[in-house]
Amino acid sequence: MSRRAVLAGIGGAALAGALAACGGDTGRGGGAGDLRSWFHQYGEKGAPEALARYASEYPGGGVRVSSFPGDYDQKISSALVAGDGPDVFEFANGPTIDMITAGQVADLTDVLGDARSDFTPALLDRMTHGGRVYGIPQVTDMQLLVYRRSMLEQAGVVPPRTLDELVSAARALNKGTTKGLFLGNNGGADVLGGVLLWSSGHDYLTPERKPGFVDEEVAAGLRTMRALFTSGDLLLGAPQDWSDPGAFIAGQTAMQWTGLWALPAITAALGDDVGVRAFPAIGANGGTSVPFGAYGAAVNAKGDVARAKKFVQWLWVERTDLQLDWAQSYGLHVPARRSLLPRATKLTTGMYSEAADLVNTVGHPQTPLLWTARCATAYRDALDRIIRGGADPMTELRGVGGVVEKELERFPS
C-alpha cells in the first residue's frame, strides 16, 4: 500500500491483508513512556525512514513511530475499541464519523490556531464535525485523466470535455495494440464513484443530508459507462490497475485515469507528450471534476492527549519545511497548506501546475464525513453491477439510497 490508498475508491471500507507491524523507535531509546504514532505502510521509497526522522527531530523527544501493512484501517479501529490504540495515528481522510461520535478521538481545533485558514478548506471541512476539527491534513492526493498528445493529434481528437466526447475519443484512439482508454480493470466501477456524481451536477449527499444521487442524470451517465465497458475500446485486464502508469507508459492505452503521483514516472518516460484533464462533464447540468483526499493526523482520546496534540501541532502545523518535504520527496503530492504551493517547486510549471490547480478549481473531497463504510460498500457494489453486470441504474441507485438513509439515521443533526 502507499498513500494513494486514500483515493482508491474504498471510501472507508477495510482492505484485506496482514497486520504485522514494521518500523521502530526513533533512536531516542524507545521507553515505555514514549508517545506511539502509527502510520499505514507507505510504498514510496524513503517514506518510513522520513517519518522516523521527523519524530527524532521533535524537541520534546520520546516519539516511537510504527508502520503497518495490510488492513491498517481495521487495526486502528480495533485498537481504539480495545483501549490499546496509539497516542497519534493517521487515517484516510481523517477519523470516521463513528470514531468522532464515540468519543474515540480528541478535538484538535486549538492545534490549528491561526493556520486554520491556510489549509485547503474543503479538505479541512472533511475532518470537521459540529464545528470542531478532529484531523489535521498531512498532504493532498488527487486523481486525474492523462492522455498522449501525439496519439490524440494523429487521430484528430481533442482532449475530451464531456463524457460523450470521452466515449468518442476512446473509439477513435482504439487502434491496433493500443486501446483508447484505461479506467482500471473494473472499467472504473471501483474508482469513479465520486466523479460520476460531481460531473453530472450531483453529490453523495444533499445539504439536507439526504441521498444526492438517486437521479436520472446520474443514471444516464452510468448507462454510458456501461456502454463504454462493453464497447471494446477500454483496456481491461492490465497487469497493474489504474493507480499504476505502466500501461499508459507502454503505449497500451492512449488515455488513462490515474493520480498525480504517477506523473513523475510518466514524464520521465514520455517527456512532454502528455496532457492532463479533469474527468469530463456529464449531461447538461454537469461540469468537470477531480477527487482529492488526504491522510489526516488524529489523536486518541484515551492516550496521552496533551503530549500527542503538541507533537501533531509541531509536525503538521508548525514545521512547514517537513510538510513540504513530505509532499515532494516521497512521490508527488499537493501540500495541504495553500501557502506552501508556491514553494512546492515540482508543482510550479507545466502540467504539474495544471494538475495541482485542479484541486482548487474543480476538486471535491473523496467522500463526505457521513459517508460510512456501509454506504461506500453498497454504492461500489451497485456501480459494479451496473457497469460490469448491466443492471438497471435507477433500481440500483434507489437500493443504495435506502442503505444511506438508514445509516444517516444513526447521526441525527
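Excluded from the calculations below are hydrogen atoms, water molecules and symmetry mates; all remaining heavy atoms, backbone and side chain alike, are included.
If you take CZ on F292 and NE2 on H333, they are separated by 16.0 Å, rounding to the nearest 0.5 Å. Distance check: L397 CG to D215 CG gives 9.0 Å after rounding to the nearest 0.5 Å. Atom-to-atom distance recorded for L173:CG and T253:OG1 is 8.5 Å, nearest 0.5 angstrom. Here the CD-CG distance, from Q138 to L51, works out to 8.0 Å after rounding to the nearest 0.5 Å. L260 CG to K346 NZ: the interatomic distance, rounded to the nearest 0.5 Å, is 11.5 Å. Taken from OG1 in T258 to CG in D241, the straight-line distance is 9.5 Å, to the nearest 0.5 Å.
Proximity of P393 to R223: side-chain heavy atoms (C-beta onward) are separated by under 4.5 Å at one or more points. Side-chain contact between L205 and K210 is absent, with no heavy atoms from C-beta onward closer than 4.5 Å. Counting heavy atoms from C-beta on, the side chains of F68 and F89 never come closer than 4.5 Å. Using a 4.5 Å cut-off on side-chain heavy atoms (C-beta onward), V65 and R36 make no contact. Here the side chains of L145 and L181 are in contact, with some heavy-atom distance below 4.5 Å. Here the side chains of R338 and T120 are in contact, with some heavy-atom distance below 4.5 Å. V146 has its side chain within reach of L263: a pair of non-hydrogen atoms, C-beta onward, lies under 4.5 Å apart. At least one side-chain heavy atom of P335 sits less than 4.5 Å from a side-chain heavy atom of L347.
Of all the heavy atoms in N93 and G293, the pair that sits closest is OD1-CA, 3.2 Å. Counting all heavy atoms, side chain and backbone alike, I282 lies closest to G221 at CG2-CA, 3.9 Å. Shown here for G212 and H202, the closest heavy-atom pair between the two residues is O-CB, 3.5 Å. When all heavy atoms of A169 and M255 are compared, the pair lying nearest together is CB-CE, 3.9 Å. Closest heavy-atom contact between D118 and S339: OD2-OG, 2.6 Å. The two residues A298 and L108 come nearest to each other via the heavy atoms CA-CD1, 4.2 Å.
A search for side chain to side chain donor-acceptor pair (under 3.5 Å) contacts involving T361 returns nothing, not counting sequence neighbours. With sequence neighbours left out, the side-chain contact (heavy atoms from CB on, under 4.5 Å) criterion links D203 to W198. Legend: residues meeting ring pair (Phe, Tyr, Trp, His ring centres under 6.0 Å) with F279, ordered by chain and number and at least two apart, are W257. Residues that satisfy the side chain to side chain donor-acceptor pair (under 3.5 Å) test with E396, not counting sequence neighbours, are R385. Under the side-chain contact (heavy atoms from CB on, under 4.5 Å) criterion, A278 pairs with T288, V290, L358, V362, sequence neighbours left out. With sequence neighbours excluded, the residues that form a side-chain contact (heavy atoms from CB on, under 4.5 Å) with L315 are Y54, F311, L322. For R116, the side-chain contact (heavy atoms from CB on, under 4.5 Å) criterion is met by T109, L112, L124, T128, V133, not counting sequence neighbours. D98 pairs by the salt bridge (Lys or Arg N to Asp or Glu O under 4.0 Å) definition with R410, not counting sequence neighbours. Remark: R343 engages no residue in a salt bridge (Lys or Arg N to Asp or Glu O under 4.0 Å) (not counting sequence neighbours).
With 3.5 Å as the limit, one finds a donor-acceptor pair spanning the side chains of N285 and E217. Checking T348 against S353 by side-chain atom types alone, no donor-acceptor pair falls below 3.5 Å. Side-chain polar atoms of T372 and E407 form a donor-acceptor pair below 3.5 angstrom. Side-chain contact, D325 with Y330: a donor N or O sits under 3.5 Å from an acceptor N or O.
In this structure a side-chain-to-backbone donor-acceptor pair under 3.5 Å is missing from D34 to V63. Remark: the backbone N or O of L197 is paired with a side-chain donor or acceptor of S200 at under 3.5 angstrom. Side-chain N or O atoms of T230 include one that pairs as donor or acceptor with a backbone N or O of A227 at under 3.5 Å. Although no hydrogens or angles enter the test, the distance criterion places a donor-acceptor pair under 3.5 Å between the side chain of E90 and the main chain of H40. In this structure a side-chain-to-backbone donor-acceptor pair under 3.5 Å is present from R226 to R388. A donor-acceptor pair is defined here as one N or O able to donate and one able to accept, closer than 3.5 Å; such a pair exists between the side chain of Y204 and the backbone of G194.
Using cut-offs of 30° and 60° on the angle between ring planes, the pair Y379 and F213 is tilted.
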(request) Under the side chain to side chain contact (heavy atoms under 4.5 Å, CB included) rule, what do K179 and L234 come out as? Steps first, then yes or no, please. (result) CA-CA 6 Å; K179 290 291 185 179; L234 287 184; over 6 Å; no
(request) For F119 and L123, run side chain to side chain contact (heavy atoms under 4.5 Å, CB included): C-alpha distance rounded to whole Å, both residues' side-chain angles, the deciding distance at 0.1 Å, then the answer. (result) CA-CA 7 Å; F119 284 84; L123 196 60; over 6 Å; no
(message) Could you go through L183 and Q256, starting from their C-alpha distance and side-chain angles, then the distance that decides it, and tell me whether this counts as side chain to side chain contact (heavy atoms under 4.5 Å, CB included)?
(response) CA-CA 6 Å; L183 299 173; Q256 178 174 332; over 6 Å; no
(request) Could you walk me through whether S67 and Y72 pass side chain to side chain contact (heavy atoms under 4.5 Å, CB included), step by step? (result) CA-CA 9 Å; S67 300; Y72 173 81; over 6 Å; no
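Applying the side chain to side chain donor-acceptor pair (under 3.5 Å) test to every pair with at least one member in residues 154-174, sequence neighbours left out, gives these pairs: R161-E165, N174-D233. Sorted by first and then second residue, the side chain to side chain donor-acceptor pair (under 3.5 Å) pairs involving residues 306-321 (not counting sequence neighbours) are D110-K309, D304-R307, R319-D321. Under the side chain to side chain donor-acceptor pair (under 3.5 Å) criterion, the residue pairs touching residues 267-280 are R148-D273, S150-D273, T267-Y352, with sequence neighbours excluded.
At a threshold of 4.0 Å, the pair E57-R53 counts as salt-bridged, since one of the basic side-chain nitrogens sits closer than that to a carboxylate oxygen. No salt bridge links R380 with D190; every basic N to acidic carboxylate O contact stays at or beyond 4.0 Å.
Aromatic ring centres of F91 and W38: separated by at least 6.0 Å.
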